[in-house]
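All remarks here apply to the structure that follows.
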Amino acid sequence: MSDYPLPSNEETRLADLQAHRILDTLPEQAYDDITRLAAQICDTPIALVSFVDDNRQWFKSRIGVDFSETSREVAFCAHAIVDQESLFVVPDATIDTRFAANPMVTADPKIRFYAGAPLVTESGHAVGTLCVMDRKPRLLTTDQRRALEALARQVVSQLSLRQALFHIHEQQRQLQEAMQQRDTVVAAVAHELRTPLTAVVGFIDIVRDSDAGLSPDDRREYLSTAARQAGELSHIIDDLLVAARLEQNTLKVTRVPVNLQAQIAQVLEGVEAPSDKTIRSATAPVRAWGDPSRVRQIVRNLITNALRYGGSEITVSTGHDTEVATVAVQDNGEPIPVGEVDSIFEPYRVSAERKPAAASMGLGLAISRQLAQLMGGDITYDRDESQSTFRLALPIHD
Ligand code: ADP
């Protein structure tokens, strides 16, 4: 059982004290100046700036004592913070039942007199005191009391200043981090655009420079490779634009009845699986509420991912229950490590374990999930013994 009274707002008071990040910091001139002034004005051998923590009081500044903390049980300040409106004065501790047996009274430093002004923060919590003590019984004059209270307010100003500075530093750090991230993104974007662009320019150069030396089949193949790469470029740019508009909250999605089977078919028409991979479609005419072009963008992303990162067998299917209509893209590739499942849905995040594919900026899943959520749905990842499943769920239209 504690032998000190607890303030009624103890929990938020402690949180406020922690938020000031003052505990266990080094001495500072500003606080030492204030304790010196308090001791001088009140004419006491001891003056402290004391913060009352959960189980202890800790001194940010001290004059006349050579320890930097005590347990809360023996702290006069633990009593002084309870009534945060007024100065707490103990004229003679030896005749005060609360303190007569206190080891600070019965042994060194043999306190007799105590006066503490609560340090009340901007959010209204008494986090500690500015206090003065003497080894003989006494009182303060009205002027001394007023001065102690004024100096306590100065301590609080220092605390507020410290917090403001901390916030400025934190904002600077975040700004710097954002600028660094922007540079990284710009570099990644430039790199990802250059890869397909180099291929487009290369193939067009070959066709242009070879005059009649290319067979019509070769010419067609070069041009269609260039067209495919240009299509890749255009998808990357689409993703970037959508990501920027999502970030600025300016992206609008429509909500109309969408036949998921028809959207999947449209996407599959434009997808070319390499010879070692198969895509199986197992769809039914399920209808959802959504934006058809965004639904296609999501399905295209999921299928492209399965082709890039997944196994050799990919299945696209539809499903539904009474509330949601779903598109599942499954593949029999390696599972995504459990610890990475959340982060792959964050923008510009790719797997730490796998080398990202070419044209990988880690935007696909982040965009897809945000688009799905804008349409009132979501995307989830599931793994059973052999299959990874990315599932787009949208409100059903029946
Ligand atoms: P990107 O494809 O540009 O890397 P995404 O956001 O689409 O970005 O995907 C993020 C990461 O998620 C990928 O880099 C990959 O590591 C992982 N991933 C996505 N789909 C699959 C999948 N079907 N199988 C395994 N890993 C996947």
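The model shown is predicted, which means the values in this text are computed figures rather than measured ones. Remember, it's 1-based here, ligands and their atoms both numbered in the order they're listed. For the numbers below, each heavy atom of this structure counts, side chains included, while hydrogens, waters and symmetry mates do not.
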* **Lys/Arg cation over aromatic F166: R21, 6.0 Å, 45° cone** => yes
* Geometric N/O contact R308 with ligand 1, under 3.5 angstrom -> yes
* **Short N or O distance, N305 and ligand 1, threshold 3.5 Å exclusive** => yes
* To the nearest 0.5 Å, tell me how far Q172 CD sits from H167 NE2. => 13.5 Å
* To do: List, by chain and number, the other hydrophobic cluster members for F99, where Ile, Leu, Val, Met, Phe, Trp and Tyr join if side-chain heavy atoms come within less than 4.5 Å, directly or indirectly.
  => I46, L48, F59, V65, F67, V74, F76, F88, V90, M104, V105, I111, Y114, M133
* Residue pair S61 / T35, side-chain donor-acceptor N/O under 3.5 Å -> yes
* Within a distance under 4.0 Å of any heavy atom of G364, pick out the atoms of ligand 1 and give their elements. => 5 (P), 6 (O), 7 (O), 8 (O)
* To do: Using a 4.0 Å heavy-atom cut-off, say whether L365 meets ligand 1 through its side chain, its backbone, both or neither.
  => both
* Structure fact -> Logged contact type for L363 with ligand 1, heavy-atom cut-off 4.0 Å, is backbone
* To do: Would you please name every residue forming a side chain to side chain contact (heavy atoms under 4.5 Å, CB included) with D398, sequence neighbours left out?
  => I396
* For ligand 1, which part of F345 has a heavy atom less than 4.0 Å away: the side chain, the backbone, both, or neither? -> neither
